[in-house]
Amino acid sequence: MRNEDSFANEGHPPLPATLRLLCVGSDEPSWVSLTMQLSARGCDEPQFRWSSTAGEAIAILRHQIFDCLIVSARDRGEGVPFSPDQTLRLVEAIRSSGHDEPVILLAEELDDVLWERLAGFDCEIVVTQRFWDSPALLPVIVRAVKQIELSREFVKLRNEQHRRRQQERTEAEGMLEHQRQLLRGLTVFAGRSEEATSPARAVPGELRDYYRQLLRASVMMGDGSLSAEIHHLAELLAECRYTPREVFALHLAELDAIRSTLGHRSARHAVTRAGLLFLELVLSMCEPGPPAVPTDAGTV
């Protein structure tokens with residue numbers, strides 16, 4: 001028995017060891033030929049099911065799941081013919097029932113209108129005179145199975161990413177609410193303190209705009225340093241004698257203002273980067289200024 005690496009080395013993607021196929025058509029497929037072809041691609045335990053009518057196929061799909069559906073649109077004049085139009089109605093019924101399995105249609109010929117409508121249902125089409133014995137059937141099965149695997153994996157990853165972003169937004173909102181509670185606690189404490197001589201002051205619009213630009217740049221750039229700009233803002237705030245509590249209020253207000261304009265960036269990332277900027281700003285405000293220039297000896 002050949003392993004999967006041998007198929008990959010030959011440029012042929014291997015199939016799963018077990019593959020469930022539902023074959024629909026007025027004539028029963030050649031199982032031996034199809035089994036040998038599947039085995040050559042690594043599928044040693046295929047599971048076949050044949051349905052001779054469209055109604056029976058729909059009934060089977062209510063109770064079983066298949067990896068691929070193959071429909072033979074060949075009319076031999078026996079029973080209900082599988083004309084292309086009837087096959088289209090079957091494919092439409094399969095899709096409307098919520099089945100996303102790959103569907104492969106075998107037909108002798110198709111007009112452009114029917115081909116377009118079948119393509120709208122993600123139906124693979126093989127135009128052949130040999131039907132079940134067509135050499136093109138196996139490569140189409142391989143491609144269809146791999147495409148549905150990739151599609152389902154993409155949907156899974158997208159849902160996981162959506163859940164992760166929802167969780168990050170929830171965590172970021174929790175962090176912001178905790179900071180708001182901290183600010184409210186500081187405000188109450190300052191109001192009861194004998195040293196508090198005035199309520200918190202609003203920061204002028206020019207400084208607010210400047211801080212908002214720093215916040216946006218810090219979040220969007222990810223890496224890098226804005227130390228020079230932060231130190232400059234710290235000097236301006238310190239000259240105006242703004243307290244850390246007032247700067248903290250500015251920080252939370254401007255962070256709320258830009259949160260909706262950050263695009264697909266992580267909310268938790270934005271809050272974290274903004275917190276680092278505020279920390280650097282407050283530390284810069286607490287740092288002592290440059291040493292005073294010494295006066296002349298004769299000056300009193």
Asker: Answer whether the closest heavy-atom distance between the side chains of I104 and C68 falls below 4.5 Å.
Answerer: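 The answer is yes; the side chains approach within 4.5 Å.
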Asker: Keeping to residues at least two apart or across chains, list the salt bridge (charged side-chain N to carboxylate O under 4.0 Å, His left out) pairs with something in residues 118-145.
Answerer: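 Pairs touching residues 118-145 that pass the test: E124-R143.
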Asker: By salt bridge (charged side-chain N to carboxylate O under 4.0 Å, His left out), which residues pair with R117, not counting sequence neighbours?
Answerer: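 With neighbours one apart ignored, the set is empty.
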Asker: Charged N to carboxylate O below 4.0 Å: is that the case for E173 and R180?
Answerer: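 Yes, charged N to carboxylate O under 4.0 Å.
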Asker: Using every non-hydrogen atom in the two residues, find where V24 and A57 come nearest and quote the distance to one decimal.
Answerer: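 Where V24 meets A57 most closely, the heavy atoms are CG2-CB, 3.8 Å.
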Asker: Would Y211 and F278 count as a side-chain contact (heavy atoms from CB on, under 4.5 Å) here? Give the steps.
Answerer: CA-CA 10 Å; Y211 189 63; F278 171 74; 3.8 Å; yes
Asker: Which residue is it: T18, L21, L38? I am looking for the one with a side-chain contact (heavy atoms from CB on, under 4.5 Å) to P46.
Answerer: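 Among T18, L21, L38, the one meeting side-chain contact (heavy atoms from CB on, under 4.5 Å) with P46 is L38.
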Asker: Got L250 and Y242 here, is their nearest side-chain heavy-atom distance under 4.5 Å?
Answerer: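 Counting from C-beta outward, L250 and Y242 never come under 4.5 Å.
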Asker: State which residues pass salt bridge (charged side-chain N to carboxylate O under 4.0 Å, His left out) with E149; sequence neighbours excluded, sorted by chain then number.
Answerer: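 For E149, the residues satisfying salt bridge (charged side-chain N to carboxylate O under 4.0 Å, His left out) (neighbours in sequence not counted) are K146.
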Asker: What is the distance from atom CD of E101 to atom CZ of R95, rounded to the nearest 0.5 Å?
Answerer: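 With rounding to 0.5 Å, CD (E101) is 7.5 Å from CZ (R95).
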Asker: Checking Q64 now: which residues fulfil side-chain contact (heavy atoms from CB on, under 4.5 Å) with it, not counting sequence neighbours?
Answerer: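 Here the qualifying residues are R49, I60, F66.
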Asker: Does any part of the side chain of L183, heavy atoms only, come nearer than 4.5 Å to the side chain of Q179, both counted from C-beta?
Answerer: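 No, their side chains stay 4.5 Å or more apart.
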Asker: Applying salt bridge (charged side-chain N to carboxylate O under 4.0 Å, His left out), can you list everything that pairs with R212, at least two apart in sequence or on another chain?
Answerer: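 By the salt bridge (charged side-chain N to carboxylate O under 4.0 Å, His left out) rule, R212 matches E254.
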Asker: Do I148 and D67 come within less than 4.5 Å of each other through their side chains, counting heavy atoms only?
Answerer: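 Answer no - side chains too far apart.
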Asker: I'd like to know if R165 pairs up with E168 as an ion pair, taking the criterion as any Lys NZ or Arg NE/NH1/NH2 lying under 4.0 Å from an Asp or Glu carboxylate oxygen.
Answerer: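 E168 and R165: not salt-bridged.
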Asker: Hey, could you give me the CG/CG distance between L90 and L69, rounded to the nearest 0.5 Å?
Answerer: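 These two atoms lie 8.5 Å from each other.
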Asker: Return the set of residues passing side-chain contact (heavy atoms from CB on, under 4.5 Å) with P139 (not counting sequence neighbours), or none when no residue passes.
Answerer: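 So P139 forms no side-chain contact (heavy atoms from CB on, under 4.5 Å) with any residue.
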